[in-house]
Protein chains: 2
Amino acid sequence: MDCSSRKGKSWRHGKLRGCGYRATVGRDAVLDVLSQADEHLSAEDIYMKIHPIHPGIGLTSIYRTLGILVNIGMVHKFDFGHGRARYELAEHPGGRGHHHHLVCTGCGRVIDYTDFIDEEVALLKKTEEGLSKKYNFRIDSHLIQFYGLCDSCNNSKVS
Amino acid sequence: MDCSSRKGKSWRHGKLRGCGYRATVGRDAVLDVLSQADEHLSAEDIYMKIHPIHPGIGLTSIYRTLGILVNIGMVHKFDFGHGRARYELAEHPGGRGHHHHLVCTGCGRVIDYTDFIDEEVALLKKTEEGLSKKYNFRIDSHLIQFYGLCDSCNNSKVS
DNA sequence: GTTTATGCAAACTGTTTGCATTGCT
DNA sequence: AGCAATGCAAACAGTTTGCATAAAC
């Protein structure tokens, strides 16, 4: 979904409103937490961060809000295979902050990397064009992840 | 995990045995179903296919078997964001059968594509090398997925 | 004032686990 | 024989939903 909106100081509200949603305290709080986060947060992580400030906001609303934000493209939802979904603010591919993931299958650690991002994004863009045409598919986003063992898991492994 | 094994007609048994697991009817059945499947199956899909032939094999075993197979690298586990994990036989990157995914966020359809695979794999390999070195990470596998709307979902969308 | 969002508790779903039994080697 | 694998039922975790209330517009 795209839903037009003006940018600006509180363009989040604009974006929500433009998509037909109301701007509420809870939704704002979720966006605040996500924009201050430097890692991928689970719904419960977000709840924990919001709760001290807005004790009235329940986990259910967090889930409902995240659902909306993912739908309108403001937030990306990830699954690193640890049973719970993780969320982060959407960034334009190629823009500052765009990254891919390195997931440790040992301890679950997730490293964001930006190395090779430009090349990757360039190839992805080309691939996207080809695929869109061939399969008549409108591509909205992509996901690149590498799986393996991180430094510490590698060392602690008995072989 | 790597676990040495001889190839050959029933190298699956060898692989299992080599990793210290026993070769059982259930495990064989799971591997059979996976190798005959032309799409990504969920644990329950696999159960459904096995049940008519081996009514004695329960869903629990399927899960346990899949866990093992994923661990020893014979099977890849995917999450396309539809609540259930999906499994497919592992293929060597660059080998015949290696593909990436196009996931429709509308209807959940997953298209395997092999277009651009060579280029993608080449770049991934280079990226892997760089990342391995920089983060001292042992990379075992990668995941590339594109999300968007498929042909039919695109057309049925009212905008 | 009307409509949408929320909280709470209960429901749901996919997956995991405990334990007694079975089956591989 | 000995130990690993299995089935069953129950437990579990994250997420979703029904419904009455509260808040946004």
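Per chain, numbering begins at 1; letters A, B, ... match sequence-line order.
Listed pair B:Tyr63 / C:dT16 fails the phosphate criterion, with no side-chain N or O lying under 4.0 Å from OP1 or OP2.
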Where do A:Lys77 and A:Asp79 land on the salt bridge (charged side-chain N to carboxylate O under 4.0 Å, His left out) test, with the steps shown first? CA-CA 7 Å; A:Lys77 179 179 182 178; A:Asp79 189 305; over 6 Å; no
Take A:His40 and A:Asp112 through the side-chain hydrogen bond (donor to acceptor under 3.5 Å, both in side chains) test and state the conclusion after the steps. CA-CA 10 Å; A:His40 328 83; A:Asp112 294 356; 2.8 Å; yes
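The distance from atom CZ of B:Arg27 to atom C1' of D:dA4 is 8 Å, rounded to the nearest whole Å. Distance, B:Leu66 CG to D:dA5 C1': 15 Å, rounded to whole Å. Look at NE2 on A:His51: it is 14 Å from C1' on C:dT6, rounded to the nearest Å. Distance CG (B:Leu59) to C1' (D:dC12): 15 Å, rounded to an integer number of Å. Per the geometry, CD1 belonging to A:Ile62 stands 15 Å off P belonging to C:dA5, to the nearest Å.
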Walk along nucleotides 17-25 of chain D from 5' to 3' and tag each nucleotide B, S or - by protein heavy-atom contact under 4.0 Å, base first, then sugar-phosphate. BB----BBS
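Rounding to the nearest 0.5 Å gives a distance of 6.5 Å between CG of B:Leu124 and CD of A:Glu120.
Salt bridge B:Arg109/B:Asp151: absent, no basic N to carboxylate O contact under 4.0 Å.
In the model, B:Asp115 has a side-chain atom that pairs as donor or acceptor with a side-chain atom of A:Tyr135 under 3.5 Å.
Among B:Phe78, B:Tyr147, B:Phe146, the single residue meeting the ring pair (Phe, Tyr, Trp, His ring centres under 6.0 Å) criterion with B:His101 is B:Phe78.
At a threshold of 4.0 angstrom between heavy atoms, the contacts of A:Gly56 are confined to the sugar-phosphate backbone, with no base atom among them.
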